[in-house]
Amino acid sequence: SRWEEEKKEDGVKWTQLEHRGPYFVPLYEPLPDDVQFYYDGKPLKLSLATEEIATFYAKMLDHEYTTKEIFQNNFFNDWRKEMTSTEQDVIKELDKCDFSEIHKYFVDKNEARKALSKEEKQKLKAEADKIQEEYGYCILDGHREKIGNFKTEPPGLFRGRGNHPKMGMLKKRIMPEDVVINCSKDSKIPEPPEGHKWKEVRFDNTVTWLASWTENIQNTLKYIMLNPSSKLKGEKDWQKYEVARCLKDVVHKIRDGYRADWKSKEMKKRQIAVALYFIDKLALRAGNEKEEGETADTVGCCSLRVEHIKLHPKLDGQEHVVEFDFLGKDSIRYYNKVSVEKLVFKNLQLFMKNKDPGDDLFDRLNTVILNKHLQKLMDGLSAKVFRTYNASITLQEQLKALTNPEDSVAAKLLSYNRANRAVAILCNHQRSIPKTFEKSMQILQMKIDTKKQEVEKAQQELKEAEEEFEDKKDAKAEANVEKKKKLLKRLEEQLARLNVQATDKEENKQIALGTSKLNYLDPRISIAWCKKFGVPIEKIYNKTQREKFAWAIDMTNEDFEF
DNA sequence: CGACGGGACTCAGAAATGTACAC
DNA sequence: AGTGTACATTTCTGAGTCCCGTC
């Protein structure tokens, strides 16, 4: 099959790569003349470039971002830089800018698009499909593979996560002159759009990207890469889980090792040992250092500061409790109270001694030191492998504990979701509570109440039927009892299902299951579980997910053990 | 060594879009 | 049968990890 093909030289990722280059998003279309921008109450015709940037802001007027001072200031600074000198002379304060007409124009345009007839919508869809067909695929080693992101990112205002110092800055339009193309020498080299040139065309088969450009906000590279369904990505994914499975064999030894190191005479060793304990037990990320002022202030394990933990010798009947409170990746809050071993607690007290809240907790440590240590313990081992390992092993254990072979498929799926949820909680994968949550919960509660009444009514009817049977002792009365029993049973089952649904919904409101499912759980565990318990794979993986995990679906039977 | 910057890749939740289902 | 809405899926792009070379 396609998962077992010729091996390449070390570091070589492909022998053939052919594609069309990125699809460039359409150029800016000027506003109609009757849509005006006002400055200080007076209409002001803007130059094309200035107008385009104004529309970026106008489009976001409903968004919370535009209420933030940093966003406003960054936007206004960048906007002014692009203005003509005449405009600069006039437009001095954002507060005097009135974008409301422009805003309304785009709101209306959006509604108009939604109100389009079926035929018109189909036509638009067909056009999009054509672009996808033309630009969305490449040829890699003879196979036609789907590309992940084949469009350049449109210009707009930068939206960072959390308290990002650069929010609102102008993200510039990507032109062919900014783009580096990567393909094979003998392939049909993509044509730049008419009148344009590529920045560079290179033939580097040691990397997997098809095109790249430098983004102007953080000055970092962006890439066009393959879709997760591709062979290249699939193999990499498989490899990731194989490394995590290797950890399974040595993790006990590693745990013994770091426990012993809690007592080390060397401070650095003790810090490594405690940090590793956190990474293993709590599935924390490694925590690279970040450049101050360039990004939101977030941390991982190695970059934890004294202010991010509190030590409680006793708390709620537990001993040696560490209270974590910090912002992690994407500024998602990590809040947890954990009872730790006495030695860990003692070490933490020591690490925090004579430090200010803003000081590093692990002052002798960073991710490079930690990962070098891990590499010595196992080939390919780095901090993130612990997350993959602990996530996958947790799923496997939870599935074992929760699955009842006698259950219906629906009940088994609930168990699966519970197991998935345990992992999402471990990895702190959160989502914002859906806007419609309260409402839909109320509706569900109403259904439950109605169902309860129906159950009570059925109970009453059954009682009556039984009494009648006592009385008459005839076949008709007996049949009626059976009928009422059946009805009651069905209603009770429906009620139970609704209750389960409500529990599930409540437990899930702030938890995002997708990330762990897609990135941390060895798909072979899930596939084996499906096969073992007769659950169709489609029930747990949708089409995209089945495509991504094709490698696993191909190779896994019900006996698979992580 | 270790700091630093560049580079390539994975992983992250929000937002946009599509679909199914209730009314 | 048509329409609105809730939920599922897909897209988007920002935010991490980790490695490498240089000084």
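Residue numbers begin at 1 in each chain, while the letters A, B, ... track the order of the sequences. Quick note: numbers below take in every heavy atom, side chains included, and nothing from hydrogens, waters or symmetry partners.
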Can you list everything that forms a side-chain hydrogen bond (donor to acceptor under 3.5 Å, both in side chains) with A:Lys123? Sequence neighbours excluded, please.
none
Below 30° counts as parallel, above 60° as perpendicular, anything between as tilted: where do the rings of A:Tyr277 and A:Tyr258 land?
perpendicular
Can you tell me the distance, in whole Å, between the CG atom of A:Asn149 and the P atom of B:dC9?
13 Å
OP1 or OP2 of B:dA12 versus the side-chain N and O atoms of A:Tyr520: is any pair under 4.0 Å?
yes
Decide yes or no for A:Leu276 and A:Ile254: does some side-chain heavy atom of the first lie under 4.5 Å from some side-chain heavy atom of the second?
yes
Minimum heavy-atom separation for A:Tyr57 and A:Thr66, please, with both atom names.
OH-O, 3.4 Å
To the nearest angstrom, the CG-C1' distance between A:Leu521 and B:dC11 comes to 13 Å
Would you classify A:Lys329 as touching base, sugar-phosphate or nothing, given that sugar-phosphate means primed atoms plus P, OP1 and OP2, and contacts are heavy atoms under 4.0 Å?
base
So, is A:Ser212 near the phosphate of B:dG7, with a side-chain N or O under 4.0 Å from OP1 or OP2?
no
Give one of base, sugar-phosphate or nothing for A:Thr298, where a contact means two heavy atoms less than 4.0 Å apart.
sugar-phosphate
With a non-hydrogen cut-off below 4.0 angstrom, is A:Asn288 in contact with a base, only sugar-phosphate, or nothing?
base
Heavy atoms only, 4.0 Å cut-off, all strands: where does A:Lys13 land among base, sugar-phosphate and nothing?
sugar-phosphate
Tell me what A:Lys121 touches on the nucleic acid: a base, only sugar-phosphate, or nothing, going by heavy atoms under 4.0 Å.
nothing
Contacts of A:Asp330 and A:Thr214 projected onto DNA chain B by closest heavy atom; the upstream (5') one is A:Thr214
Mutual orientation of the aromatic rings belonging to A:Phe75 and A:Trp79 [parallel < 30°, tilted 30-60°, perpendicular > 60°]
parallel
Anything under 30° is parallel, anything over 60° is perpendicular, the rest tilted; go ahead and classify A:Phe326 against A:Tyr334.
parallel
By nearest-heavy-atom nucleotide on DNA chain C, the more 5' of A:Val299 and A:Lys543 is A:Lys543
Contact between A:Lys222 and A:Thr152 at the side-chain level, heavy atoms closer than 4.5 Å - yes or no?
no
Using only side-chain N and O atoms of A:Lys233, determine if any of them is under 4.0 Å from OP1 or OP2 of B:dT10.
yes
What is the separation between atom NZ on A:Lys125 and atom C1' on B:dT19, rounded to the nearest whole Å?
12 Å
A:Ile217 to A:Lys166 - nearest heavy-atom pair and separation
O-NZ, 2.9 Å
Note: for A:Tyr65 and A:Asn219 on DNA chain B, the residue whose nearest nucleotide lies more 5' is A:Asn219
Donor-acceptor pair, distance only, cut-off 3.5 Å: does the side chain of A:His143 make one with the backbone of A:Lys231?
no
Under 4.0 Å, counting only non-hydrogen atoms across every strand here, what does A:Gly300 touch: a base, just sugar-phosphate, or nothing?
nothing
Regarding A:Thr208, tell me which of base, sugar-phosphate or nothing describes its non-hydrogen contacts under 4.0 Å with the strands shown.
sugar-phosphate
Look at the rings of A:Tyr23 and A:Phe150 and say which category their plane angle falls in: under 30° parallel, 30 to 60° tilted, over 60° perpendicular.
perpendicular
Mind calculating the distance between CG (A:Asp363) and C1' (B:dG2) to the nearest angstrom?
16 Å
Within the pair A:His429 and B:dC11, is there a side-chain N or O less than 4.0 Å away from OP1 or OP2?
no
Ordered by number, residues from residues 150-177 of chain A within less than 4.0 Å of DNA chain C (heavy atoms) are A:Glu153, A:Pro154, A:Phe158, A:Arg159, A:Gly160, A:Arg161, A:His164, A:Lys171
Contact class for A:Leu518 vs. all strands (heavy atom < 4.0 Å): base, sugar-phosphate, or nothing?
nothing
At a heavy-atom distance below 4.0 Å, which nucleotide of DNA chain C is the first touched by chain A, and which is the last?
C:dA6 to C:dC18
Would you classify A:Thr220 as touching base, sugar-phosphate or nothing, given that sugar-phosphate means primed atoms plus P, OP1 and OP2, and contacts are heavy atoms under 4.0 Å?
nothing
For a quick test of reading the model, state the closest non-hydrogen atom pair linking A:Lys384 to A:Lys240 and the distance between them.
NZ-CD, 4.4 Å
Measure from NZ on A:Lys517 to P on B:dG13 and round the result to the nearest Å.
15 Å
Reckon A:Gly287 touches a base, only the sugar-phosphate, or nothing at all at heavy-atom distances under 4.0 Å?
sugar-phosphate
Tell me: NE2 of A:His63 to P of B:dA14, nearest whole Å?
10 Å
How would you label the contact of A:Gln218 with the nucleic acid (heavy atoms, under 4.0 Å): base, sugar-phosphate, or nothing?
sugar-phosphate
Using a cut-off of 4.0 Å on non-hydrogen atoms, how would the nucleic acid contact of A:Ala296 be classed: base, sugar-phosphate, or nothing?
nothing
Rounded to whole angstrom units, what separation is found between the NZ atom of A:Lys222 and the C1' atom of B:dC11?
14 Å
Nearest whole angstrom, please: distance from the C1' of B:dA12 to the CZ of A:Arg387.
10 Å
Please compare A:Glu215 and A:Arg285 by the position of their nearest nucleotide in DNA chain C and report the one closer to 5'.
A:Glu215
Is the backbone N or O of A:Phe562 less than 3.5 Å from a side-chain atom of A:Gln396, with the two atoms forming a donor-acceptor pair by type?
yes
